[in-house]
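Here's the structure we're looking at; comments come further down.
Quick note on labels: first sequence line is chain A, next is B, and so on, each numbered from 1.
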Amino acid sequence: MTTTDNNKKNAVFSFLVRTLFAAKMAWHGVLTHPLRSALTILGVAIGVTSVVSLMGIGEGARQAVVAQFKSLGTNVIAIHANDVSVEFDPEEAEELVERVSGVEMGTPVINTKAVMRWRRARGTINLVGVNNEFPDVRDHPVIAGHFFTQWHVMQRSPVAVLGYNVGHGLMGGRSPVGHTFTLNGETFRIVGVLAPKGAANAEGIDDKILIPYTTALKIAGKKKVEQIWLKANSTQEADLAVVQLGRIYKRKLGLDQTAPTPGGTQGGEGEAGPGATAEVMEKIAAAPSPRPAPEKSPIPGGEDLITITNLNQLVKEADQANRVMTLLLGGIAAVSLLVGGLGIMNIMLVSVTERTVEIGVRRAVGAKQIDLLIQFLMEALYVSALGAIAGTAGGIWGLNVFSHYGFHTALSLQSIKIAVMVALGSGLLFGIYPAMIASSVPPIEALRRQ
Amino acid sequence: MPLIELVNISRTYRLNQIRVEALRDVNLTIEEGDFVSIMGPSGSGKSTLLNIIGCLDRPSAGTYTIVGNRVEKMNDNQLADIRNQLIGFVFQSFHLLPNLDAAANVELPLIYRGLGGKERRRRAIHALEAVGLGERVHHLPSQLSGGEQQRVAIARAIAGEPRVILADEPTGALDSKSGENIMAIFTKLNKDMGITIIQVTHEEHIAQYGHRICRLRDGQILQIDETQNGRAVT
């Protein structure tokens, strides 16, 4: 007979009224001790700030590294001779383009130095000798003039394409195309300027000068080049090409012990012996990397004579390594969130003890355990939610500060989501115990006269 | 059917391995419309008895029935409903919530009953008017005198239109004039609205406002006296 007016609709309405009230009372609870609440909120906020900003720095680093690797061009395979004895004939690039399926472009690469004279200034400059396919192989167009042509390469022409910084350094904002300078005393004509790579300038290409490799060989006094860059048509074809290149070079270096007959080289690429693929080397050589590539497997006795690098793979590995880094940073920062959660629990326990009389009065006038549970839980949630909001703002501010000091930062929505969820979760987790204590105080205990 | 019926009620506590018998075989019947004062020296079990009648505590043995509800068989939520709908509490130190104004304090039991805002406010103001505080609706407890605070507490007790008011030393923290004022309100509520009142007190002249005085000693009812205010209780 005490529940006469409790039909279903009333029960829902009643629950709503009570929950709304609990929410209001919880807010009163937060406001009762402003300093205390503010300090607890600060504890949570610091946790959220550190998660958001550290993950932002991690994410920024990841994006920067990935951008750097991406700037090397997509689907690029670099073949690098680690010893003078195995350096390549320049014609080998063309040969490989013909032989390896899925590869349609390539350029020999030779790095050298020369003394440059421009008007009255002189200094040493890094030169890169390549062929006319470079802009397509490395996805690196010119912004002024044009790239040198096949004709220039064949003629060993004294023409040069400047890296962006070099071009800018010579003439400021104006285009230096058409002007001349000397390299080791020989006059070169500037035919183009490369587009800037900026922060993603992994190889320092912005600070170099590109000339036909034929011309570069002459300057260096060499006949062979130390690198070949190939361009595959797609990611899958790049992967296959690396395998194929591995076989080709193993045979070339005479390391294939499974093919004893001299005619073994004609055995056809498609059916090389088992295990051949496992010995393919993919090694990070030219580009900086956060860790050694996992698939590096030296040719027995070959002592890393030749390194074949799939730059796609590098990007992927760098990306993954940095993702792990980011999560690790976030995890470390989350520890401070945990501490913030402990702060909530501490303060809520104090609050429950202080308010036993209030709890008793509420129980006496008809509050159920669930009412008090909700009220105290909401109080903890308010604190953690405010901490999450303040912490997110703090994190965004922190990232601005970091980027001001030259860090690559990237505010990721994911880090905010994680931080806010963990903050609310810790509010719930650490609020539930004090709330349960509050709700289970027997009403007579609560009202016992002090 | 009596409003309240206690049969062979006992309540024992354990305090550091020692069994304390706060109540022993108490039998008490209170009819609707009665006004009972409970007296006795400290430790005689007055508060324990009031807690059990108020469903704040459960007896260790015996049966307790309030308006047909067998209390000792009820769970925590059912007891909360009983307190909310049948009983109004008045405490010695008022126990108002300090950060709520008078009206909001009075609304408290109505909130836990799940009433909507407008209906709550209407009833709260009505209750405050009944105790002569119609002008103090928006005052915080700290802005009210002790007597006024206790009247807010009474308004809170009657806002839910309970069958019985339980008062634990309602005048204990008040000067004698305010105390008499409170007793006048109790008498009026009892007479005009037919609310049953049970109060614990240690002041004889306060106890005399009741119809009957129930005297306790060592957890047992020593005797029940009729006062001049008393009417024949059937």
Task: Chi angles and distances behind the side-chain contact (heavy atoms from CB on, under 4.5 Å) call for B:F89, A:V361 - done: CA-CA 9 Å; B:F89 288 93; A:V361 173; over 6 Å; no

Open item on the list: The test is side-chain contact (heavy atoms from CB on, under 4.5 Å); show your working for B:R113 and A:V17 and say whether it passes.
Closed with: CA-CA 9 Å; B:R113 195 177 292 186; A:V17 166; over 6 Å; no

- [ ] Take A:R362 and B:Y112, measure what side-chain contact (heavy atoms from CB on, under 4.5 Å) needs, and give me the verdict at the end.
- [x] CA-CA 9 Å; A:R362 289 177 189 280; B:Y112 289 119; 2.9 Å; yes

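Atoms OG1 and CD1, from B:T48 and A:I444 in turn, are 7.5 Å apart once rounded to the nearest 0.5 Å. The distance from atom CZ of A:R363 to atom CZ of B:R83, rounded to the nearest 0.5 Å, is 5.0 Å. Remark: B:N99 CG to A:E358 CD distance equals 7.0 Å, nearest 0.5 Å.
Using a 4.5 Å heavy-atom cut-off against chain B, no residue of residues 420-429 of chain A qualifies as contacting. Taking non-hydrogen atoms and a 4.5 Å limit, the residue list of residues 22-32 of chain A in contact with chain B, ordered by number, reads A:M25, A:H28, A:T32. Annotation: residues 329-355 of chain A contacts chain B through no residue [non-hydrogen atoms, separation under 4.5 Å].
The greatest number of non-hydrogen atom pairs below 4.5 Å with chain A, out of B:L100, B:I87, B:L79, is found for B:L100. Note: B:P109 leads B:C55, B:P109, B:G54 in heavy-atom pairs under 4.5 Å with chain A. When each of A:A364, A:P443, A:S14, A:G360 is scored by its heavy-atom pairs under 4.5 Å with chain B, the top score falls to A:A364. The candidate from B:N51, B:L110, B:D57, B:N77 with the greatest count of non-hydrogen atom pairs under 4.5 Å with chain A is B:N77.
A donor-acceptor contact shorter than 3.5 Å links the side chain of B:N84 to the backbone of A:V365.
Within 6.0 Å of the CZ atom in A:R36, the count of heavy atoms belonging to other residues, nucleotides or ligands exceeds 12. Around the NE2 atom of B:H126, the shell of radius 6.0 Å holds no more than 12 heavy atoms that belong to other residues, nucleotides or ligands. More than 12 heavy atoms of other residues, nucleotides or ligands lie within 6.0 Å of CD in B:Q143, so this atom counts as buried by the packing criterion. Taking a 6.0 Å sphere around CZ of A:F15, one finds it holds 12 or fewer heavy atoms contributed by other residues, nucleotides or ligands.
For the pair A:Q369/B:D76, a side-chain contact is recorded, criterion being any heavy-atom separation below 4.5 Å from C-beta on.
For B:H138, the side chain to side chain contact (heavy atoms under 4.5 Å, CB included) partners at least two apart in sequence or on another chain are B:D101, B:R121.
Residue contact with chain A, scored on non-hydrogen atoms closer than 4.5 Å, involves the side chain of B:L97 exclusively.
Contact between A:F13 and B:L115 at its shortest, heavy atoms only, is CE2-C, 4.1 Å.
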